Amino acid sequence: MKKWLLALVAALPSLALADDFLISTPRTSLLLEGEPGQSLRILYYGDRVGSGEVGQVKASGVCSYSEAYPAFGFSYNPEPALAVELPDGQLSLQLVLDSTARQSGDGWTDYTFTLRDRKEPFYVKLHYKAYDRLDVIEMRAEVFHRLKRPVVLRQCASGYLPLRSTEAWISHLYGNWGNEGRLQQEPLTTGLKVIQNRDGVRNSHTRHAEVMFSLDGRPQERQGRVVGAALCWGGNYSLRVNKESGRQYDFLAGIDPLAADYHLERGEVFATPELAVTYSGEGTGQASRNFHRWARATHLAHGDRPRDILLNSWEGVYLAVDEAKMKGMIQDIAALGGELFVMDDGWFGRKYRRDRDNAALGDWEPDTAKLPGGIAPLAGEAKRCGVKFGIWIEPEMTNTKSELFEVHPDWIVCPGGRQPSYGRGGTQLLLDLSNPEVQDFVFGVVDRLKTECPDLAYIKWDANMSLVGYGSSYLPADRQSHLFTAYHRGLLNVLKRIRAKYPDLVIQACASGGGRANYGLLPYFDEFWVSDNTDALQRVYMQWGHSYFFPSMAMASHVSASPNHQTGRRIPLRFRFAVAMSARLGMEMQPRDMSEGERDFARSSIADYKTIRPVVQQGDLYRLVSPYDGKGVASLMYVSPDRGQAVFFAYKLEHFVAQEWPDFRMDGLDPGARYRVTELNLGGARAAGVSCQVFTGRFLMESGLSLPLSGEYASHVLRLERVD
Ligand code: DGJ
């Protein structure tokens with residue numbers, strides 16, 4: 001083995017003379033090659049290889065030898081990572097390796113490669129952060145220069161990966177309001193596939209910044225090589241995968257370049273968001289589990305804490321909030337065994353009242369006509385009932401009908417001298433978070449609520465508008481193209497301040513439903529609202545799609561009324577609970593409209609959920625039967641890390657005479673262990689015959705269970721406990 005490789009593998013401090021760089025996680029490896037003055041190249045990303053196998057990888061011919069960060073100019077790169085305009089008007093860069101460094105922290109090592117242009121003092125620091133116990137590598141770039149005048153960054157990707165395959169498929173999420181997170185799987189043919197979002201604020205309604213590439217053809221849950229990628233950025237993005245010809249796809253991801261030229265001053269560092277990548281040699285299922293573990297450990301607020309069971313007031317009362325109703329709901333969720341009550345929209349506004357959705361955003365004072373004593377009596381009632389209290393805000397927004405806008409008309413996003421674009425209610429406006437004064441205001445919204453109501457335990461942070469009417473009266477005329485990026489950096493500043501001062505506050509990311517399911521924001525949020533559509537049948541598809549990239553504990557899933565307010569569909573309470581129990585369980589309805597029998601059912605299912613919560617929220621997900629496969633059923637399960645406990649879910653999605661559905665073969669269990677099966681979520685209904693029986697893990701995985709699914713919307717929730 002070469003000396004430099006030994007140096008790296010043996011964790012010696014300097015990489016200065018290294019030619020090969022092997023970056024490994026427990027089950028994956030990324031191999032780069034380079035030497036000072038030459039280009040840095042990516043050779044391999046896949047199953048872990050030992051330092052002694054590097055020669056074999058190189059000799060095999062399966063290496064890529066692609067530039068690690070292709071810049072526009074000197075070599076032919078149909079999709080460059082970097083495109084700039086230098087002060088003298090030149091557009092070409094030629095990046096070569098300048099130096100390497102390495103830094104380790106608690107459970108991770110960051111490998112840094114500094115690239116430099118052959119002629120100009122223009123630099124890119126490429127970071128690859130690898131975890132000791134998580135199979136994810138985070139890539140990012142830092143760009144800076146020492147030229148006298150600014151350099152314009154026209155395109156600046158977070159990372160690049162060559163994918164070696166002749167028949168790759170892509171799995172990604174698409175959708176719209178009320179139908180978020182739909183799974184799409186398609187072959188990647190020759191040419192360019194772009195996944196892009198340009199909303200400016202809510203970047204995961206229509207498309208998602210996470211993808212999986214199945215390198216061995218059609219995606220399979222348990223087999224095949226898969227590369228997953230998640231761009232951690234709450235703003236506009238562009239994910240591109242290109243195939244020219246041959247056996248390689250080139251994948252790049254970063255901030256979307258449209259209207260986003262960045263003028264980089266001398267000495268300033270432009271830091272891209274992270275691009276987190278994972279590799280699985282065992283299909284899409286393992287790639288998802290890799291993302292979930294990484295998210296819980298590093299990219300989701302409080303990923304190690306159990307989530308409370310809550311009641312949210314929105315679908316129960318909408319904007320017609322008042323003290324009596326809120327107190328009633330607090331008492332009801334407490335009586336059902338819940339742990340938290342969240343008062344949604346409608347509680348604020350004095351001069352302009354929030355009786356419709358066209359006024360008062362920005363005026364975060366309780367409406368004393370609805371809540372004469374303000375928030376304190378509600379927090380007090382929650383305490384008395386033994387539940388926590390939470391509140392809804394939409395702090396990045398205002399309305400033309402608001403006291404805030406009257407005082408600060410220049411705080412909104414709007415091109416100078418023009419009419420702004422209006423959002424919801426025909427009056428909604430977006431605050432310009434590139435402006436530090438606006439950042440202070442938004443921080444102050446949370447700070448004041450917490451100061452006035454220290455018991456406030458939860459915030460639902462909503463965002464219901466796009467960044468339209470592009471323009472900032474804060475940014476100078478020649479820096480208007482910074483707005484998309486500056487908005488999100490401003491938002492991140494605010495979130496960091498909130499987290500520094502209120503580390504225990506639970507915050508939900510809501511954006512007209514699932515508009516903010518993204519790992520750029522989730523480090524500051526405990527969960528996201530999957531969709532404004534609470535129809536349990538449609539939720540099966542949406543939650544399934546999200547589960548490719550996001551752990552169940554981050555997915556807020558609420559039992560709502562029947563008929564459902566969005567689809568009008570009537571679905572039995574048992575099925576509605578079975579779907580919500582597979583993620584972070586909550587309720588979103590008026591409990592006083594429930595019959596006594598329904599309340600009993602809810603009480604018993606909430607109690608059941610408490611017994612499976614650790615496994616659902618912290619366990620490993622195994623997707624068993626996909627709702628997208630047209631079998632009329634869907635099934636998934638969670639298994640605890642020690643494989644001692646598991647929870648199984650099955651849903652009947654179609655209802656026909658003489659219908660056939662498969663036996664349910666489980667996954668992830670210990671084949672040698674014996675498990676007792678107990679059916680939950682029954683209310684008083686009869687359990688399936690398998691309940692209270694003992695089976696070996698091997699039998700459950702090889703033969704599986706046949707479950708009765710005779711009625712419409714039949715469902716099963718089974719708890720498995722190891723008995724030995
Ligand atoms: C949109 C959210 O997605 C809903 O859950 C609700 O909070 C409304 N906003 C309130 O206006």
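Remember, it's a predicted structure, so these values are computed and weren't measured experimentally. When a residue number appears, it is its place in the shown sequence, counting from 1. Both ligands and their constituent atoms are indexed starting at 1 by order of listing.
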request  = Give a yes or no on whether a salt bridge exists between R516 and E396, defined as a side-chain N under 4.0 angstrom from a carboxylate O.
outcome  = yes
ask   = Mind checking whether W314 has an N or O less than 3.5 Å away from an N or O of ligand 1?
value = no
key: Part of N464 within contact of ligand 1 (heavy atoms, under 4.0 Å)   = side chain
query = Does the ring centre of Y519 sit less than 6.0 Å away from the ring centre of F550?
reply = yes
message = If you take the centroid of each ring, where Trp contributes its six-membered ring, are Y458 and F389 closer together than 6.0 Å?
response = no
ask   = Is ligand 1 under 4.0 Å from a heavy atom in the side chain of S512, in the backbone, in both, or in neither?
value = backbone
message = I'd like to check which ligand 1 atoms, numbered from 1 as shown, lie under 4.0 Å from a non-hydrogen atom of W529.
response = 3 (O), 5 (O)
query = Knowing that exactly one of Y651, F577, F575 qualifies, which makes a ring-ring contact (aromatic ring centres under 6.0 Å, His included) with Y713?
reply = F575
ask   = Where is the nearest protein heavy atom to atom 11 (O) of ligand 1: which residue, which atom, and how far?
value = D345 OD2, 2.6 Å
query = What is the nearest protein non-hydrogen atom to atom 1 (C) of ligand 1, stated with its residue, atom name and distance?
reply = D462 OD2, 3.0 Å
Ligand-residue contact atoms, ligand 1 with C510, heavy atoms, under 4.0 Å = 2 (C), 3 (O)
message = Could you identify the single nearest non-hydrogen protein atom to atom 6 (C) of ligand 1 and state the distance to 0.1 Å?
response = D344 OD1, 3.5 Å
request  = Say whether E394 and ligand 1 are in contact under the criterion: heavy-atom distance to a ligand atom below 4.0 Å.
outcome  = no
ask   = Y174 and H208: aromatic ring centres closer than 6.0 Å?
value = no
ask   = So, H558 versus R584: side-chain donor-acceptor pair below 3.5 Å or not?
value = yes
request  = Determine, using heavy atoms of E588 and all atoms of ligand 1, whether some pair is separated by less than 4.0 Å.
outcome  = no
message = For ligand 1, which is the ligand I care about here, please tell me if G513 has any N or O atom under 3.5 Å from one of the ligand's N or O atoms.
response = yes
query = Hey, does the Lys NZ or Arg CZ of R623 hover above the aromatic six-ring of Y548, less than 6.0 Å from the centre and inside 45° of the axis?
reply = yes
query = Hey, do the aromatic rings of H302 and F525 have their centres closer than 6.0 Å?
reply = no
note = When distances are taken from atom 5 (O) of ligand 1, the protein heavy atom at minimum range is K460 NZ, 2.7 Å
ask   = Below 4.0 Å from any atom of ligand 1, is there a heavy atom belonging to D532?
value = yes
ask   = What do you reckon, is NZ of K610 surrounded by more than 12 foreign heavy atoms closer than 6.0 Å?
value = yes
